[in-house]
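Single-structure report; data block below.
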Amino acid sequence: MDLYEAIRKRRTIRKFKGPATEKQLNRIIAAGTQAPSAGNRQSWEFIIIDDPGLIQKVSTIKYKLNLVYKFPDIEKCQSPEQIAASQGPAQRESFANASLVMIYHRKRGRFQDASAWLCIENMSLAAVAEGLGLRIATFWGKAIGEINQLLHVPEEFKLAAALSIGVPAEEPVKKIHRQEGSWLHRNGF
Ligand SMILES: Cc1cc2nc3c(=O)[nH]c(=O)nc-3n(C[C@H](O)[C@H](O)[C@H](O)COP(=O)(O)O)c2cc1C
């Protein structure tokens, strides 16, 4: 698949009808590890979670987090479909029938978080190449501590995101795009 086509096709999928195979997961993770990283530290760590009980616990933590989440004004470009997709129930459902991969990076060192996110984008595009859907889930506040405790994560690592990866069971929600070129400046802001 042409790279530009994969970039265009990549959309967030939040409903799945089956997990990725182990081989697909390995290829997707390998693609992630090809990403650039600050100082070439490659400080990403992946936890594949295939224990249904653990998946259930992570999904409940995310559900509770997003039950009370309100989009700030700055996020006005959200369509009603996107807002609905961000609510608690949709966030919990996204963990069902999918593989779950947690991405961690070392806290120490500059831009290790940025490097982990580049890895996540590589994984997102690799999922497209595999014909799979992918959903990024992020956590904040006390939820991060709860997840780290659940997964016995050492203190020196920080959670970037949880990725649900699997066979898509929906079309992506409608997305509002900023007007093309509205982000472009020349010789100053
Ligand atoms: C940093 C970051 C955090 C995100 N966190 C979540 C999340 O917690 N839950 C979720 O369903 N989607 C999450 N997303 C997906 C966005 O909602 C999605 O990318 C956005 O609505 C644009 O849609 P698209 O990916 O289909 O182009 C996140 C994406 C990014 C880049």
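All values derive from a computational prediction rather than experimental measurement. Just so you know, these numbers use all the heavy atoms, side chains as well, and skip hydrogens, waters and symmetry mates.
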Working to the nearest 0.5 Å, report the span between CD of E93 and OH of Y63. 10.5 Å
Run the salt bridge (charged side-chain N to carboxylate O under 4.0 Å, His left out) test against K9 and tell me which residues pass, sequence neighbours left out. E5
d(F95 CZ, I61 CD1) to nearest 0.5 Å is 9.0 Å
Closest approach of A31 to A126 (non-hydrogen atoms, all atoms of both residues): CB-CB, 3.6 Å
Mind listing the side-chain donor-acceptor pairs of residues 146-169 below 3.5 Å, one per line with the distance, residues two or more places apart or on another chain?
{"unit_1": "N148", "atom_1": "OD1", "unit_2": "Y104", "atom_2": "OH", "d": "2.7"}
{"unit_1": "E155", "atom_1": "OE2", "unit_2": "K107", "atom_2": "NZ", "d": "3.0"}
{"unit_1": "S164", "atom_1": "OG", "unit_2": "S94", "atom_2": "O", "d": "3.2"}

According to a hydrophobic-cluster definition based on side-chain heavy atoms being under 4.5 Å apart (Ile, Leu, Val, Met, Phe, Trp, Tyr only), do L134 and L125 belong together? no
Suppose we screen for side chain to side chain donor-acceptor pair (under 3.5 Å). Which residues come up paired with R186, at least two apart in sequence or across chains? none
Return the minimal non-hydrogen interatomic distance between F16 and A96, and the atom names on each side. CB-O, 3.7 Å
Steps toward side chain to side chain contact (heavy atoms under 4.5 Å, CB included) verdict (E170, I13): CA-CA 7 Å; E170 67 167 1; I13 295 295; 4.2 Å; yes
Would you mind listing every salt bridge (charged side-chain N to carboxylate O under 4.0 Å, His left out) that reaches into residues 12-23, with sequence neighbours excluded? none
What's the spacing between W140 CH2 and L65 CG if we round to 0.5 Å? 4.0 Å
Contact summary for A129 and M1, nearest pair of heavy atoms: CA-CE, 4.5 Å
Could you state the interatomic distance from CZ (R10) to OG1 (T12), rounded to the nearest 0.5 Å? 5.0 Å
For the pair S99 (side chain) and P19 (backbone), establish whether a donor and an acceptor sit closer than 3.5 Å, ignoring hydrogens and angles. no
Closest non-hydrogen atom pair between Q112 and A38, with its separation: NE2-O, 3.5 Å
S115 versus F111, closest heavy-atom pair with distance: OG-O, 2.8 Å
In Å and rounded to the nearest 0.5 Å, what is the OG to CD1 distance from S124 to I136? 4.5 Å
Minimum heavy-atom separation for S182 and Q179, please, with both atom names. OG-O, 2.8 Å
Do L100 and I144 share a hydrophobic cluster (ILVMFWY, side-chain heavy atoms under 4.5 Å, transitive)? yes
Can you give me every donor-acceptor pair (side chain of residues 45-55, partner residue at least two apart or in another chain, under 3.5 Å) with its distance?
{"unit_1": "D51", "atom_1": "OD1", "unit_2": "G53", "atom_2": "N", "d": "2.8"}
{"unit_1": "D51", "atom_1": "OD1", "unit_2": "L54", "atom_2": "N", "d": "3.3"}

Full working for side chain to side chain contact (heavy atoms under 4.5 Å, CB included) between V58 and Q56: CA-CA 6 Å; V58 174; Q56 182 66 37; over 6 Å; no
Determine whether M123 and L25 fall in the same hydrophobic cluster, where Ile, Leu, Val, Met, Phe, Trp and Tyr are linked whenever their side-chain heavy atoms lie under 4.5 Å apart. yes
Qualifying salt bridge (charged side-chain N to carboxylate O under 4.0 Å, His left out) pairs with a residue from residues 27-42, counting only residues at least two apart or across chains: R27-E130
To the nearest 0.5 Å, tell me how far H105 NE2 sits from S43 OG. 7.0 Å
Do other residues, nucleotides or ligands put more than 12 heavy atoms under 6.0 Å from the CZ atom of R108? no
So, Q87 side chain and I83 main chain: donor-acceptor pair closer than 3.5 Å or not? yes
Tell me, with the steps shown, if I28 and L132 meet side chain to side chain contact (heavy atoms under 4.5 Å, CB included). CA-CA 10 Å; I28 291 169; L132 298 172; 4.0 Å; yes
Can you check whether Q91 reaches R135 side chain to side chain, under 4.5 Å on heavy atoms? yes
Please check if the side chain of S79 supplies one atom and the backbone of K174 the other of a donor-acceptor pair under 3.5 Å. yes
